[in-house]
Each structure stands twice: as structure tokens, then as C-alpha cells.
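Below, each value reflects all heavy atoms present in this structure, side chains not excepted, and no hydrogens, waters or symmetry copies.
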Amino acid sequence: MLSFFSAIFTSDVIPILSTNLSFPLQFIPLFQMLHTHHLQPYFLFLSPHSHTVSFPFPSRTTTSHSPRFPVTSIRRGSSSLRFRNLGRASISNSVANGGTEHQKQPVNRAYPFHEIEPKWQRFWEHNRTFRTPDDDIDTTKPKYYVLDMFPYPSGAGLHVGHPLGYTATDILARYKRMQGYNVLHPMGWDAFGLPAEQYAIETGTHPKLTTVRNINRFRTQLKSLGFSYDWDREISTIEPDYYKWTQWIFLQLLKRGLAYQAEVPVNWCPALGTVLANEEVIDGVSERGGHPVIRKPMRQWMLKITAYADRLLEDLDDLDWPESVKEMQRNWIGRSEGAEMEFCILGSDGKDRDIKIIVYTTRPETIFGATYLVVAPEHPLLPSLVSIAQSKHVEDYVDLATRKSDLERTELQKEKTGVFTGCYAKNPANGEAIPIWVADYVLGGYGTGAIMAVPAHDSRDYDFAQKYDVPICWVVTPDGKSVDFGKAFNGEGIIVNSSNTLVGLDINGLPSKEAALTVIEWAEKSGKGKRKVNYKLRDWLFARQRYWGEPIPVIFMDDGGETVPLYETELPLILPELDDFSPTGTGEPPLSKAVSWVKTSDSLSGRPATRETNTMPQWAGSCWYYLRFMDPHNSEELVGKAKERYWGPVDVYVGGAEHAVLHLLYARFWHKVLFDIGVVSTKEPFQCVINQGIILGEVQYMACRDQDGNLMSADSTDLLNERKLEIIPAEKVMKSGDSFVLKENPNIRLHARAHKMSKSRGNVVNPDDVVSEYGADSLRLYEMFMGPLRDSKTWSTSGIEGVHRFLGRTWRLIVGSPLSDGTFKDGTVSVDEEPTLEQLRCLHKCIAKVTEEIEGTRFNTGISAMMEFLNAAYKWDKHPRSVIEVFVLLLSPYAPHMAEELWSRLGHRKSLAYVPFPKANPTYLKDSTVVLPVQINGKTRGTIEVEETCSEEEAFVLASRDEKLSKYLDGQSVKKRIYVPGKILNVVLDRENIKVGVQ
């Protein structure tokens with residue numbers, strides 16, 4: 001790799017002097033294509049349009065994992081280029097045109113962030129400023145463990161949405177360090193997963209190479225934003241030293257019967273060659289790639305999360321989580337109390353057969369209203385229920401159902417479908433024969449896979465009955481009178497039409513709850529059913545037919561198929577290297593191709609055996625990583641007990657709401673298992689969870705075109721389709737009332753909308769570009785200033801310019817105005833003088849507000865408080881050092897690079913990272929002024945602001961000078977003044993001398 005580039009250009013050709021090569025500008029698309037395929041090393045080009053562009057150029061030294069060298073943009077004539085992952089070392093270059101040296105023009109920046117930020121990033125890294133001691137930590141100090149949901153390192157790198165949560169946790173981490181806490185603030189990589197494997201299959205590149213390259217890029221980007229992570233604790237789920245303990249946890253689950261194998265229907269995607277989770281299937285196709293998905297039974301590893309359902313539910317109450325997240329978990333667990341009831345199957349002759357269908361119901365009191373049964377398409381008894389006449393219809397329906405995910409099948413808004421099996425069952429309460437249907441809205445994995453349908457009292461059953469002309473029988477009414485409501489009555493009430501003396505059951509006239517208990521008691525006595533608690537929660541399908549995942553540490557004996565776990569001393573079971581990791585297409589995982597690895601023997605008996613070739617899902621590594629951060633270098637145990645007792649649980653955990661159920665639920669499950677076996681000392685892993693909002697792309701303004709191609713207003717949502725929409729540039733738009741219109745034709749109203757950032761919409765904002773133009777501190781500050789952390793927000797370039805100006809004003813207030821050459825003198829313009837009372841009041845109000853808002857994670861209003869302070873400070877004649885130093889400390893969690901530089905210029909040789917955070921003095925928080933109403937001859941004419949200790953004479957002088965009040969007092973003879981300190985000033989004028997027209 002060349003270490004030095006000296007580039008000159010003409011209008012048509014860009015020579016690379018150090019390589020003695022030149023390329024026409026028309027070749028740039030070729031270089032961009034090479035860049036897309038990651039051919040490196042990178043060469044630097046300067047375009048005639050005053051921007052740097054970096055493109056890859058192939059050479060014999062190219063490797064597939066060569067590092068990237070992102071270059072910050074510079075203007076023509078700049079004297080230095082900065083490569084972030086080279087420590088932004090200065091690389092000199094001369095720019096000439098036609099052999100004439102250009103005048104060097106300084107870049108117009110609000111302050112020299114391009115020098116400050118790399119300087120302090122190098123300082124922090126060299127001095128390991130944010131390293132949390134491992135063994136020699138002072139455990140008498142309070143601890144604060146603040147954690148980001150660690151990212152999956154995609155090839156796209158960060159966009160500006162990612163730093164939102166990361167900046168929030170960094171502010172908290174820096175603030176708590178300054179308050180004297182031991183702070184644990186680590187970062188790592190959730191690096192296994194399908195995206196890397198799919199990319200590897202498409203390009204032929206091993207997933208580890210692309211994953212490591214992506215990690216390097218993410219790390220570089222995160223460091224460029226000044227986040228105070230303890231990089232000594234960095235972990236990655238793909239490293240054997242890490243997944244050794246993931247495998248160890250699996251063995252503990254297996255020992256306790258919490259991991260087992262079962263033949264279960266799964267979402268199988270032939271194109272991807274893997275099983276997909278329900279949430280990865282949308283409208284019958286895979287979320288990634290849009291490939292068809294079918295349901296088919298396969299041998300799978302399952303984790304018995306249902307054994308912990310009650311504890312997962314009960315312990316939610318003690319957590320400081322968003323109520324919406326807790327409610328989502330409660331609904332996902334879905335605990336319900338009801339009964340299992342037996343329905344005897346009738347033969348074609350109407351007599352009882354030896355087959356019974358067991359149904360689960362949460363409304364046993366409605367059993368007299370059950371007019372049909374529904375079984376799931378995958379119900380094991382279905383083949384024995386289908387009549388010859390209906391067999392073809394049922395077979396076709398079941399085939400269609402296998403192509404739908406569970407989420408699609410249970411969607412409340414979708415039209416219900418089903419097929420009559422040709423078979424009947426006997427209602428145990430009234431003895432009536434009721435038809436048995438197969439319908440996909442019943443799931444084989446929930447309850448018993450069969451339901452008794454009560455269309456009068458269940459909206460879903462009602463719609464089905466109406467569609468297929470099934471009888472409807474009303475058995476619950478609000479007032480005890482039988483009535484057809486014309487729709488399902490889902491509520492509780494008084495039972496009617498529910499008596500059968502032949503079986504000894506009469507619940508007429510009873511309230512719903514009492515009737516339910518009566519039915520359950522009758523069912524248990526008569527052998528027709530029993531009380532049952534059920535859950536929507538299903539056991540966790542834990543196997544994936546993928547290569548890029550943790551190997552499952554079990555073997556199967558060849559002579560008997562016995563499942564044998566590996567010994568803990570055999571861990572980690574290393575993922576073997578494969579050249580061909582594409583799907584087999586048969587359902588066999590890609591690992592089955594590693595024949596020499598698959599074929600093994602039992603280490604104890606020596607008998608031949610076969611390794612498990614499924615791998616763990618991506619969720620596995622992220623279930624416990626927060627524990628490894630506590631003790632990342634421990635080779636003897638997952639986490640040391642003393643360290644876990646000190647650091648656990650995580651105090652604040654920040655991430656997206658999309659992880660509200662699965663990741664958080666799975667992590668809680670594993671944590672409770674580890675608690676039961678003594679590995680951890682707390683019941684829950686995360687005490688406080690915060691979901692940051694989404695940053696949407698810039699607002700897009702759209703109009704439609706009519707059939708003749710003319711622009712027209714986009715008022716109707718019917719017109720808003722991709723075929724007719726046209727994006728209008730923001731500079732051609734203006735606001736008119738509550739709408740946006742076209743400047744050149746205000747009659748054309750535009751549709752304004754911000755979308756989630758995505759490549760397809762072209763609205764992704766790269767943080768590297770923002771850092772290059774405005775600096776990392778500006779990006780950090782802007783993302784916090786956009787609005788409340790938990791709300792969704794819209795990106796605006798003009799907004800970041802505003803906070804950049806604030807930082808520029810801060811810099812000039814403290815350092816002074818730039819010199820004639822654009823540079824700044826050393827030191828500051830602050831003075832060693834005692835602050836005034838006004839200055840102290842202003843400062844301490846700012847301290848109190850910033851502190852309060854950081855504690856409440858209301859970072860935007862904390863920034864507002866600092867802006868108010870700055871506005872006030874600009875009105876002062878002098879700026880005492882003691883006041884300015886405190887303000888710098890307040891700013892430091894938000895804009896750490898600038899704060900460190902200002903702190904250094906104020907004469908401090910050490911970093912401010914551990915300097916105590918300022919505390920507000922209550923003495924200066926009291927409001928010493930009051931608003932005093934002023935009356936003239938008994939009528940209130942205005943108010944003045946006075947000190948609490950203001951005398952009558954001082955109040956009168958202020959009133960006389962007030963612009964509004966002076967017109968009543970100028971030239972007037974005062975008869976007397978009535979003054980109540982802090983309450984009122986009443987001036988009584990001599991009426992004989994009052995000017996005409998004043999009153």
C-alpha cells in the first residue's frame with residue numbers, strides 16, 4: 001500500500017504522480033464499480049470540483065480483507081488530507097493547475113474541529129482513558145453499567161440513525177464517571193447471522209472475511225464519533241473464545257431438560273436453504289430476498305422457554321422498562337386460564353368412535369354455544385377425521401396452509417378460510433352433533449391445536465360461521481335475555497340457553513365467571529375435561545440450517561442414534577472452514593459438507609459418531625454478551641462471581657423497540673436459567689431499558705403528474721403511488737399555511753413526508769460525511785437536540801448547521817476571534833477575576849438544568865439550557881475563568897472533543913474525563929427578582945421587574961424609566977405613593993395637575 005499520495009490535476013486528466021499513471025475522468029465509473037467489489041488498496045484522486053474521492057485500484061498485493069481508508073473531504077487548495085484509520089496523519093500535497101501553484105485558502109470552519117477531534121481521539125486511545133480496571137477496581141465506589149444493544153456489523157456501515165442511542169449512552173457514561181462512579185461502557189459485535197452468509201454465497205467470499213472487514217469499519221466509525229467505550233473489553237460472537245461459553249450454556253440447558261429435539265413444522269425456505277423464524281416471513285416469502293417459504297416438519301432443537309413462562313411474566317413488574325415493551329412481552333407470553341374439554345368423534349352411523357378431540361378454551365361457560373370444532377391443518381388426528389368425499393378438498397387446503405407463516409394465519413383482519421372435514425363430534429354438554437372443520441387460523445402449536453367454536457361470542461368464529469352458514473347459538477347476554485345482536489357479543493354477562501339435566505349441567509342465570517367455574521367442576525367430575533393454564537408462548541426453535549453460526553456441541557452415536565453432549569473440556573467446538581457453504585437444497589445443513597469434521601467418535605467410548613450439523617440461531621450469542629463484558633478475558637468460567645455480583649444487573653440498556661420481544665425475552669430466559677444454576681446473582685439482566693426513536697430521512701416533497709405529464713397536486717392518497725410520484729427539490733418548495741406548495745406555481749400542493757432511511761429511497765445519511773463537514777461533536781449534539789430521545793425524528797441538514805454554529809460561538813466566546821490567517825491563538829480570553837452575582841446565578845441555573853435533564857435522559861432540553869447560558873455570557877464584559885471552566889465541564893458529555901481542547905487551553909494538563917461534575921449551589925438558584933405590578937391612581941398600568949429587597953424609591957425610579965409607564969408619570973405631580981414590597985406600587989397623582997389626555 002502506498003503511504004504517500006501527491007496529486008495534481010487538469011480539467012480532463014487526474015495524474016497519480018506516485019504511480020506515474022494517469023486516468024481520464026471518464027474512468028471514474030469503473031473505479032466506483034471496483035469499489036463496490038471491495039478491490040483494494042485505495043488510491044486517492046482529487047477532482048477538479050474541489051472534493052477528494054477515494055477509489056480502489058487492484059494490485060498484486062490486494063487481499064479480500066484489506067482495510068478501508070475513508071478520506072474526509074477537503075476543498076481545493078487544502079494542505080492536508082486525513083485518513084481516519086491511520087490516526088488522521090497529515091499527508092502533504094501540492095495542487096497545481098497548468099504548472100501554476102494555487103494560493104492556499106483556509107477552509108471556512110466555525111472552529112478547528114478537523115484538528116481537535118483526531119487529536120483527542122488519539123489521546124484517549126493512547127492513554128486508554130476510558131478503560132475500566134479489571135481486577136484492581138475499587139468496589140467501594142458505586143457502579144454504573146450502561147450498555148448499547150450491540151450491533152450486527154453489516155456491510156453498509158453506520159448511518160446517522162445508529163449514533164442516536166450510542167450518543168445517549170455515552171453522555172450517561174461520561175456524566176457518571178465525572179460523578180465518581182465506576183462505569184462499565186463496552187462495545188462488541190453480534191457477528192454471526194444470515195446476512196453475512198448470504199453475501200458470502202453470492203460473492204464466494206468467506207463470511208469471516210467480510211464480517212471482520214465490516215467490524216473494522218464499524219469500529220473506525222464509532223471511534224471517529226468520540227464514544228468513550230472501553231475497547232479493551234471488545235468482544236465478538238464469532239470468536240471461539242466467546243462462543244465456547246455460548247456452547248457451555250447450551251450444555252447446561254441440555255442437562256436440565258430445557259433443550260430437546262422435536263419434529264416440528266417450520267418455515268422452510270428452499271432458496272435460502274434454512275428455517276426462518278415467523279418474523280422473518282412476510283406474506284409467504286422470506287424477508288431477505290423475497291423467496292417462497294413453505295411449512296414442513298423437520299427435526300429441530302428446541303429450548304423449553306415455556307417452563308419459565310410464569311417467572312418471565314411475574315418479574316416484569318419490578319423492571320424500569322417502557323410500559324409498552326412490558327405489555328408486548330405479556331401479550332407474547334399470553335398466559336390464560338381455562339379448561340381442556342373432550343369432544344367424542346362420531347362415526348358415519350352417528351355412534352361414538354374411540355377417538356376424542358381435546359380442545360382448549362378460555363370461555364368454558366360458553367360450551368352450550370359451541371356449534372362446530374376447528375382443527376389446525378397440522379393436527380395429528382386430521383387424517384383420521386377426513387371423509388373420502390372431502391379428502392381432496394382438505395388435502396389442497398392443508399397444502400396451501402403450509403405456505404403461510406403463523407403470523408399470517410392468525411392475522412385478525414384477514415378473511416377466515418376453512419374446509420369441512422366431513423366428520424362430526426358430539427358436544428359433551430348438550431349431546432348435539434357438530435361439524436369439524438379444518439382452518440388455518442388455528443395453530444397446531446397453541447393449546448391442543450383444536451378449538452370449540454362459539455360464533456355467538458367470538459368475532460373470529462362469528463365471521464367464519466357467517467361465511468360458511470354454520471349455526472349460531474347465543475348463550476351469554478348482558479341482561480339475561482336471549483337475543484341476536486347481529487354480531488358476536490364478546491363480553492361477560494348472564495348465561496342463557498345452557499341447561500341439560502341428562503348430563504347434570506345447568507348454568508342458566510349464572511354470571512359468566514361463576515358459570516365457568518361450574519363447567520370446569522362438572523367436567524372434572526364427569527371426566528369430560530379439566531382446568532388448564534395455557535400460554536401463547538411457544539418453545540424456542542433453536543436450530544438453523546446455516547453454516548455461519550455456533551456449532552451445537554452434541555454428537556449422535558452411529559450404532560443407536562443416541563444423543564451425547566460433548567464434555568465441557570472439549571469446548572469450544574470450532575466451526576470448521578468450508579469452501580462451499582451454500583445450501584444443500586435437501587434440508588441438510590451446509591455443515592454436512594464438512595465430512596471429516598462431521599464424522600467423529602465419542603471421546604469416552606471411542607464409538608463412531610456423527611456431529612450435529614445444525615447451528616445455533618443468531619439470537620444465541622446476544623443472549624448473554626452483557627455478562628461477558630463484565631469479565632471478557634476469563635478462560636476458566638463464563639463470568640467471575642465477584643465481578644458479576646458487583647456489575648450486575650445492567651443499569652441502563654439502550655436499543656431499538658424492534659427488540660422489545662424476542663431478544664429481550666430470550667436474554668431474560670437464559671439469565672433466569674443461569675440464576676438457577678448459580679452463575680448470576682440477579683433475577684433479571686437489565687434493570688432499565690430505553691428505546692430510542694428512529695431518525696427518518698429528510699422530508700421529501702412530492703407531486704403527481706397527470707396523463708399529459710403536467711405536475712398536479714398530490715392531495716389524494718390514491719395518487720400516491722410510485723408510478724405517478726415525482727420528488728420535488730426542497731429549494732423549489734415553500735410553505736403556505738399548513739401546506740407545502742411549488743414556488744413557481746403555489747396552486748400545486750405537495751405531499752411532504754419523511755421516510756425511514758433506506759438505500760432504495762436514496763435518503764441514507766452517512767455519518768462519515770457529516771463528521772467530515774461539521775465534526776463529530778456537531779453530529780452528537782444535533783442528534784440529542786433533535787427532540788426527546790424516545791421519539792422518532794426527521795433529519796435536517798439545516799438543523800445540524802444550527803448546533804454547529806452554537807459550538808462555533810462557544811469556541812469564540814472562550815478562545816476568542818480567529819486571527820487574520822484563520823487560526824486561533826493559544827489559551828483563552830477568560831480572566832482570573834471573581835464572578836459577579838449575576839454570573840453565578842446564570843451558571844448555577846445552567847448546572848441545575850443540565851444535571852436534571854441528563855438524569856432524566858432529556859438531553860435536548862439540557863442543550864437548550866447551555867444555549868441560554870451562552871446567550872447570556874455573550875452579554876458579559878468579562879468571562880471569569882471559574883465560570884467558563886464549569887461550563888466546559890457541563891458541555892463535555894455532549895461535545896467531548898471541544899471540551900477537552902478548551903479544558904487544556906484553560907491550563908489543565910490532564911483529561912477532564914474524571915473531573916467531578918459541577919453541582920448547583922441552591923443559594924444561587926433562588927429567584928431574587930419579582931414582577932411588581934404598578935398602579936396609577938388605582939388602575940394597573942404595567943409591571944416592572946425589581947429585586948426582592950428593592951426600596952420604594954428604587955421601584956418608583958424604575959417605573960419612571962419604563963417605556964410604558966413613563967407616559968403616565970412624566971411631568972406629573974405625585975400626591976403620594978403606596979408601596980408594599982414585593983407586592984405592588986400604587987402612584988397617586990395630583991388630579992389638579994394631570995395632563996389632559998393622559999388618563
Side-chain angles (χ1 to χ4, degrees), residues 121-148 150 169-170 172-191 215 219 222-223 227-249 252 568-569 571-572 621-653 667 670-671 674-675 677-687 910-917:
Q121 287 163 19
R122 287 193 299 269
F123 175 91
W124 295 328
E125 186 162 358
H126 176 75
N127 292 280
R128 299 162 78 192
T129 302
F130 308 113
R131 175 183 174 271
T132 302
D134 199 11
D135 295 318
D136 54 346
I137 192 165
D138 180 4
T139 57
T140 62
K141 294 172 62 177
K143 65 92 178 178
Y144 191 74
Y145 186 178
V146 56
L147 183 64
D148 299 294
F150 71 166
T169 59
D170 195 60
L172 292 171
R174 290 175 177 274
Y175 170 69
K176 288 296 184 179
R177 284 192 198 97
M178 297 172 77
Q179 285 195 320
Y181 285 72
N182 288 325
V183 173
L184 185 56
H185 187 40
M187 176 52 71
W189 318 104
D190 189 11
I215 287 174
R219 187 190 302 109
L222 291 176
K223 287 185 176 182
F227 297 133
S228 61
Y229 295 123
D230 178 359
W231 288 105
D232 286 3
R233 293 174 182 263
E234 180 183 6
I235 58 176
S236 173
T237 57
I238 65 172
E239 296 302 327
D241 286 348
Y242 180 85
Y243 67 70
K244 166 186 177 178
W245 297 106
T246 310
Q247 293 171 335
W248 181 87
I249 295 172
Q252 311 316 306
E568 293 178 10
T569 55
L571 302 180
S622 63
C623 274
W624 70 279
Y625 73 104
Y626 60 93
L627 294 171
R628 194 60 178 171
F629 279 137
M630 299 176 185
D631 197 7
H633 309 298
N634 192 331
S635 60
E636 301 300 321
E637 53 188 338
L638 184 150
V639 60
K641 285 183 168 51
K643 292 177 182 178
E644 184 279 327
R645 281 195 299 271
Y646 179 70
W647 287 115
V650 175
D651 294 285
V652 175
Y653 193 33
W670 277 29
H671 190 89
L674 294 174
F675 176 78
I677 64 177
V679 174
V680 299
S681 59
T682 63
K683 294 192 299 182
E684 290 286 337
F686 316 116
Q687 184 56 39
K910 293 184 178 181
S911 167
L912 54 64
Y914 295 91
V915 173
F917 197 79

Got a second to check how far [X]'s [atom1] is from [Y]'s [atom2], nearest 0.5 Å?
| X | Y | atom1 | atom2 | result |
| --- | --- | --- | --- | --- |
| Phe917 | Arg177 | CZ | CZ | 13.5 Å |
| His185 | Asp148 | NE2 | CG | 5.5 Å |
| Leu172 | Tyr144 | CG | OH | 4.0 Å |

According to salt bridge (Lys or Arg N to Asp or Glu O under 4.0 Å), who are the partners of [X], at least two apart in sequence or on a separate chain?
| X | result |
| --- | --- |
| Arg233 | Asp134, Asp230 |
| Asp170 | Arg174, Arg780 |
| Glu644 | none |

Side chains of [X] and [Y]: does their closest heavy-atom pair fall under 4.5 Å?
| X | Y | value |
| --- | --- | --- |
| Tyr646 | Ile137 | yes |
| Gln252 | Glu568 | yes |
| Thr132 | Trp647 | yes |

Validation: residues 634-642 side-chain donor-acceptor distances under 3.5 Å, sequence neighbours left out:
| from | atom 1 | to | atom 2 | distance (Å) |
| --- | --- | --- | --- | --- |
| Asn634 | OD1 | Glu636 | N | 2.8 |
| Asn634 | OD1 | Glu637 | N | 3.1 |
| Asn634 | ND2 | Asp631 | OD2 | 2.7 |

Quickly, which of Arg628, Arg219, Lys223 forms a salt bridge (Lys or Arg N to Asp or Glu O under 4.0 Å) with Glu234? Name it, please. Arg219
We want to know whether His671 and Thr682 form a side-chain donor-acceptor pair, criterion being a heavy-atom distance below 3.5 angstrom.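 Side chains of His671 and Thr682: pair found under 3.5 Å.
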[X] versus [Y], closest heavy-atom pair with distance:
| X | Y | result |
| --- | --- | --- |
| Tyr229 | Pro186 | CD2-O, 3.5 Å |
| Pro142 | Gly180 | CD-O, 4.3 Å |
| Thr237 | Ala191 | OG1-N, 2.8 Å |
| Met178 | Val915 | CB-O, 3.2 Å |
| Tyr145 | Leu184 | CD2-O, 3.4 Å |

Check the pair Tyr181 / Asp651 against side-chain contact (heavy atoms from CB on, under 4.5 Å), numbers first and verdict last. CA-CA 12 Å; Tyr181 285 72; Asp651 294 285; over 6 Å; no
Are the side chain of [X] and the backbone N or O of [Y] linked by a donor-acceptor pair below 3.5 Å?
| X | Y | result |
| --- | --- | --- |
| Thr169 | Leu147 | no |
| Asn182 | Asp138 | yes |
| Lys244 | Leu571 | no |

Option among Leu627, Asp232, Ile235 that satisfies the side-chain contact (heavy atoms from CB on, under 4.5 Å) test with Pro632: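 The option that passes is Ile235.
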Only one of Tyr242, Trp245, Phe150 clears ring pair (Phe, Tyr, Trp, His ring centres under 6.0 Å) with Trp624; which? Tyr242
Identified ring pair (Phe, Tyr, Trp, His ring centres under 6.0 Å) counterpart of Phe130 within the set Trp231, Trp124, Tyr914: Trp124
Steps toward side-chain contact (heavy atoms from CB on, under 4.5 Å) verdict (Asn127, Ser911): CA-CA 10 Å; Asn127 292 280; Ser911 167; over 6 Å; no
Students often mix this up, so state it plainly: with edges at 30° and 60°, are the rings of Tyr653 and Tyr625 parallel, tilted or perpendicular?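 Geometry flag for Tyr625 against Tyr653: tilted rings.
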List the residues meeting side chain to side chain contact (heavy atoms under 4.5 Å, CB included) with Ala667, not counting sequence neighbours, and say none if there are none.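 Listed in chain order: His663, Phe686.
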Who are the side chain to side chain contact (heavy atoms under 4.5 Å, CB included) partners of Pro240, not counting sequence neighbours?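 Here the qualifying residues are Tyr243, Pro572, Ile574.
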